[in-house]
Amino acid sequence: MGTPDFSVPCLRALVQAGHEVVGVFCQPDKPVGRKQELKAPPVKAAALALSLPVVQPKSLRGGEGVRLLEPMAPDLVIVVAYGKILPPDVLAFPKYGCVNIHASILPKYRGASPIHWAVLNGERETGVTSMQMDEGMDTGDILLCETTPIGENETTEDLFERLSTLGAELMLKTIAQLEAGTLQPKPQDHSQATTVGLLTKEMSAVDWGADAQTIHNKIRGLYSWPGASTTLDGKLLKLHSSRMTDKTSRGQPGEVVCSDGKLLVCCGDGRCVELLEVQPEGKKRMPAAAFLNGRRIPVGTILGQ
RNA sequence: CGCGGAGUAGAGCAAUCCGGUAGCUCGUCGGGCUCAUAACCCGGAGGUUGUAGGUUCAAAUCCUAUCUCCGCAA
């Protein structure tokens, strides 16, 4: 069971490892894009390409989940970023229960957007955890965990990529040990738990009054969705990538301090971040140097006003 | 028919309203300066202005159609 790109490597890994995949669950198709066309979730596309049966129930509650699982008769259900809560009757249905692959080091970052928040908070390390699911939100007993460092300039998208691969490996390891009976589930330390929610577009606007590191974290943490942004002359300016600099300035927060084709912006703590890639409203994304070539930004321009 | 922006040299833009030699910054190539350089100076190449029609002595510019890209909304 899974829906977005993150789940796809797990699905592929299952097939490649020779496991019998009796069925794939994912969210229903949703209208997407400017034309509101229905689009299949990545997991559905991948499953169809592998000729696997796909179901997309609106809900698993009220016995619906079990009704769908019955003919498939799975020994084990693997859940990776499915996006739905599994009711108790579903959790209890497979012989080995339901195992979830979660993109954080539990009990930290339970919930919907663990990767985004790890980057936003400037964490140096994150990972993937497999757990025996229970009725709570990512509260089940931990089976295995694998950690990985987060790079200084790594974006959420980069991490997604790496963690989805790591997750697939961890999943195979978990299944192997489950079969061998060598797993020792460990209850989570619930007192250390943190839970994070969904991201919204309202979070996109950069507060230049914050310190430079926080702003840099925001730009890479919200990449590529929903993306960080500010305004210039009342128009939206998306910020795709940035870098910390050693430069300091006495300018106001949001003040542009550009030199040598570089777009440096002063932050609340007096340090400057360099914007590397931006996207004006109605335009494509472009390197900062290109942006400065076409549109001269006078030093002293204040962003975000 | 949800609202809106945009297609001009390799990149980002100007010129479009009010038709008349397509310009700027960067890159690129050549030369110069320099101990040296991503710095500076000089010079060159590179465009059938998204596509198709129309109006006109003349269209990047006006009219019609069409394709593509993007922001918002969802």
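Convention: sequence-line order gives letters A, B, ...; per-chain numbering from 1.
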Any strand, both distances under 3.5 Å, Watson-Crick or G-U wobble: rU66(B) pairs with rG50(B)
Measure CH2/Trp225(A) against P/rC72(B) and give the value in whole Å, please. 11 Å
What is the distance from CZ of Arg295(A) to C1' of rC13(B), rounded to the nearest Å? 11 Å
Let me know the distance between CD of Glu277(A) and C1' of rA11(B), rounded to the nearest Å. 13 Å
Is the shortest distance from a Lys or Arg side-chain nitrogen in Asp233(A) or Arg295(A) to a carboxylate oxygen in the other one below 4.0 Å? yes
Nearest listed nucleotide, side chain of Asn293(A), among rC24(B), rA11(B), rG71(B): rA11(B)
Atom NZ of Lys238(A) to atom P of rA6(B): distance rounded to whole Å? 18 Å
If rA14(B) has a Watson-Crick or G-U wobble mate with both distances under 3.5 Å, name it; if not, just say none. none
Could you work out the separation of rU61(B) and rG54(B) based on their P atoms and round it to a whole Å? 14 Å
Rounded to whole Å, please give me the gap between CD in Gln279(A) and C1' in rG5(B). 12 Å
Base, sugar-phosphate, or nothing: which does Lys235(A) touch, judged by heavy atoms less than 4.0 Å apart? nothing
Separation of Lys30(A) atom NZ from rA73(B) atom P, in whole Å? 17 Å
Closest to the Lys201(A) side chain: rC72(B), rU25(B), rC70(B)? rC72(B)
Let's test this: given Watson-Crick or G-U wobble pairing with both distances under 3.5 Å, identify the partner of rU21(B). none
Is there a side-chain polar atom (N or O) of Lys283(A) under 4.0 Å from OP1 or OP2 of rC13(B)? yes
How long is the line joining NZ of Lys284(A) and P of rG71(B), in whole Å? 11 Å
Does the distance from a Lys or Arg side-chain N to an Asp or Glu carboxylate O, for Glu146(A) and Lys173(A), drop under 4.0 Å? yes
Picking from rG71(B), rA11(B), rC24(B), which would you name as closest to the side chain of Ala290(A)? rA11(B)
From the list Val99(A), Leu14(A), Leu143(A), Leu166(A), side chain to side chain contact (heavy atoms under 4.5 Å, CB included) partner of Met171(A) resolves to Leu14(A)
Integer angstrom distance from the C1' of rA15(B) to that of rU21(B): 13 Å
Using atom C1' in both nucleotides, what's the gap between rC63(B) and rC17(B) to the nearest angstrom? 15 Å
C1' spacing across the pair rA59(B) / rU64(B), given as an integer number of angstrom: 15 Å
Centroid separation Tyr109(A) to His116(A) less than 6.0 Å: no
Between Ala289(A) and Arg285(A), whichever has its closest RNA chain B nucleotide further toward 5' is Arg285(A)
Answer yes or no: is there an ion pair linking Asp29(A) with Lys44(A), defined by an N-O contact shorter than 4.0 Å? yes
Ionic contact status for Arg162(A) with Glu154(A), cut-off 4.0 Å: yes
Expressed as a whole number of Å, how far does the C1' atom of rA52(B) sit from that of rG46(B)? 27 Å
Whole-angstrom distance between rC35(B) and rU48(B), as gauged at atom C1': 49 Å
Euclidean distance for C1', rG12(B) against rC57(B) (whole angstrom): 36 Å
Length of the line joining Leu292(A):CG and rG12(B):P, which is rounded to integer Å: 14 Å
Rounded to whole angstrom, note down the C1' distance from rA14(B) over to rU51(B). 23 Å
